[in-house]
Amino acid sequence: MTFRTRMLTGLAAAAMVAVSGLAATAQETLKIGSYPANPPWEYKNEDGKFEGFEVDIINEIASRIGAEAEISSLDFRALFVATASRRVDAVISSLTITNERLEAQSFTQPYFSGALGVGTKDGAGIASVADLGGKRVGSIATSFPENWLKEREGEIGYASYSSYDSTANMLTDLRSGRIDAAVNDIVGLRYAFNQEHMTGLSIAAEIPTGDKFAIMMPKGSERLEAFNDAISEMKTDGTMAKLYEKWFQVAPKADSLTVTPLPVPTSAD
């Protein structure tokens with residue numbers, strides 16, 4: 001082999017290495033927004049890394065479409081601004097599909113049917129929604145529970161309503177007696193109340209609502225169908241059920257939203 005041939009062969013090999021290197025680093029990064037204090041759905045661990053049921057879901061979706069999820073912390077209300085402005089590709093935070101939200105956002109198919117819980121201090125004398133009459137209640141700003149409460153203000157007859165920017169602040173006020181009851185996602189409340197520093201708080205009542213949790217995305221996102229297809233695959237091959245059992249310690253019901261593939265929703269019904 002002549003020097004020229006060896007040189008050309010070496011250059012060709014180097015070019016192939018460079019091309020393969022570019023291909024290896026060309027993996028798409030998905031910008032994901034998340035409220036960072038919403039366990040067991042999503043939260044930051046002691047190392048500052050995101051964990052949770054929906055974190056596992058979004059990472060699995062990214063893997064299946066050949067991408068990588070980069071999750072950043074956002075205030076709950078900022079999640080909606082982030083998708084509307086397309087600063088993120090998707091957001092996760094146990095978000096309920098509503099017809100009002102569908103006007104400005106897109107959602108994947110749901111993977112969880114929720115219920116609300118009424119959290120109180122032990123011995124508060126509250127055992128049902130009817131007992132909230134004359135009481136001071138609170139929930140998270142712009143959340144489904146807040147809307148649920150405000151729509152029923154006259155019916156329930158609570159004395160006052162407090163809106164919070166974080167679950168931690170809401171539960172601090174509940175423990176201190178500034179509010180009598182906190183109304184929020186029942187799974188999140190149960191998880192919080194099981195922590196050692198949350199003794200003396202419990203779920204006084206469960207409110208079945210049928211609200212459906214899903215991933216929210218910019219309206220008409222070009223990635224919506226790919227996300228939805230990945231979720232359908234996860235439901236079909238058992239991945240979603242395994243993640244559900246990992247985080248909730250029980251298997252999902254056989255006919256639940258967690259294991260039933262669905263199309264992209266066009267309404268909340």
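Along the sequence shown, the residues carry numbers beginning at 1. What's counted below: heavy atoms across the whole structure, side chains too, no hydrogens, waters or symmetry copies.
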[X] side, atom [atom1]; [Y] side, atom [atom2] - distance, nearest 0.5 Å:
| X | Y | atom1 | atom2 | answer |
| --- | --- | --- | --- | --- |
| Ile156 | Leu132 | CD1 | CG | 6.0 Å |
| Leu149 | Glu146 | CG | CD | 8.0 Å |
| Thr266 | Leu102 | OG1 | CG | 8.0 Å |
| Thr120 | Lys135 | OG1 | NZ | 10.5 Å |
| Trp247 | Gln249 | CH2 | CD | 9.0 Å |

Enumerate the residue pairs fulfilling ring-ring contact (aromatic ring centres under 6.0 Å, His included) with a member in [range], sequence neighbours excluded, ordered by first and then second residue.
| range | value |
| --- | --- |
| residues 215-242 | none |
| residues 81-104 | none |
| residues 123-157 | none |
| residues 81-100 | none |

By the salt bridge (charged side-chain N to carboxylate O under 4.0 Å, His left out) test, which pairs, at least two apart or in different chains, include something from [range]?
| range | answer |
| --- | --- |
| residues 94-116 | none |
| residues 76-85 | Asp75-Arg77 |
| residues 172-182 | Arg136-Asp180, Asp173-Arg178 |
| residues 113-131 | none |

Test your reading of the model: is there a side-chain donor-acceptor pair from [X] to the backbone of [Y], 3.5 Å cut-off?
| X | Y | answer |
| --- | --- | --- |
| Asn38 | Glu42 | no |
| Ser139 | Val183 | yes |
| Thr96 | Asp211 | no |
| Glu28 | Ala67 | no |
| Glu54 | Ser94 | yes |

I want to check something: taking the side chain as every heavy atom from C-beta on, are [X] and [Y] in contact at a cut-off of under 4.5 Å?
| X | Y | value |
| --- | --- | --- |
| Thr258 | Leu243 | no |
| Ile215 | Ile57 | yes |
| Tyr111 | Leu262 | no |
| Ser34 | Val55 | no |
| Glu206 | Arg190 | yes |
| Asn59 | Phe50 | no |

Restricting to side-chain hydrogen bond (donor to acceptor under 3.5 Å, both in side chains), what partner residues turn up for Ser63, sequence neighbours left out?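 Ser63 satisfies side-chain hydrogen bond (donor to acceptor under 3.5 Å, both in side chains) with no other residue.
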Set of side-chain hydrogen bond (donor to acceptor under 3.5 Å, both in side chains) partners for Asn99, sequence neighbours left out: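 Scan of Asn99 (side-chain hydrogen bond (donor to acceptor under 3.5 Å, both in side chains), adjacent residues dropped) gives none.
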Which of these, [options], sits in a side-chain contact (heavy atoms from CB on, under 4.5 Å) with [X]?
| X | options | result |
| --- | --- | --- |
| Met234 | Val259, Asp229, Thr239 | Thr239 |
| Phe213 | Asp185, Ile92, Ile97 | Asp185 |
| Met240 | Thr260, Leu257, Ile231 | Ile231 |

Return a table of donor-acceptor pairs under 3.5 angstrom between the side chains of residues 80-89 and protein atoms on other chains or two or more places apart.
| unit_1 | atom_1 | unit_2 | atom_2 | d |
| --- | --- | --- | --- | --- |
| Thr83 | OG1 | Leu79 | O | 3.4 |
| Thr83 | OG1 | Phe80 | O | 3.1 |
| Thr83 | OG1 | Gln105 | OE1 | 2.4 |
| Ser85 | OG | Val81 | O | 2.9 |
| Ser85 | OG | Ala82 | O | 3.3 |
| Arg86 | NH2 | Lys219 | O | 2.5 |
| Asp89 | OD1 | Arg223 | NH1 | 2.9 |
| Asp89 | OD2 | Lys31 | N | 2.7 |

Quick one: ring pair (Phe, Tyr, Trp, His ring centres under 6.0 Å) partners of Phe248, sequence neighbours excluded?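 Once residues adjacent in sequence are excluded, the partners of Phe248 under the ring pair (Phe, Tyr, Trp, His ring centres under 6.0 Å) criterion are Trp41, Phe53, Phe112, Tyr244.
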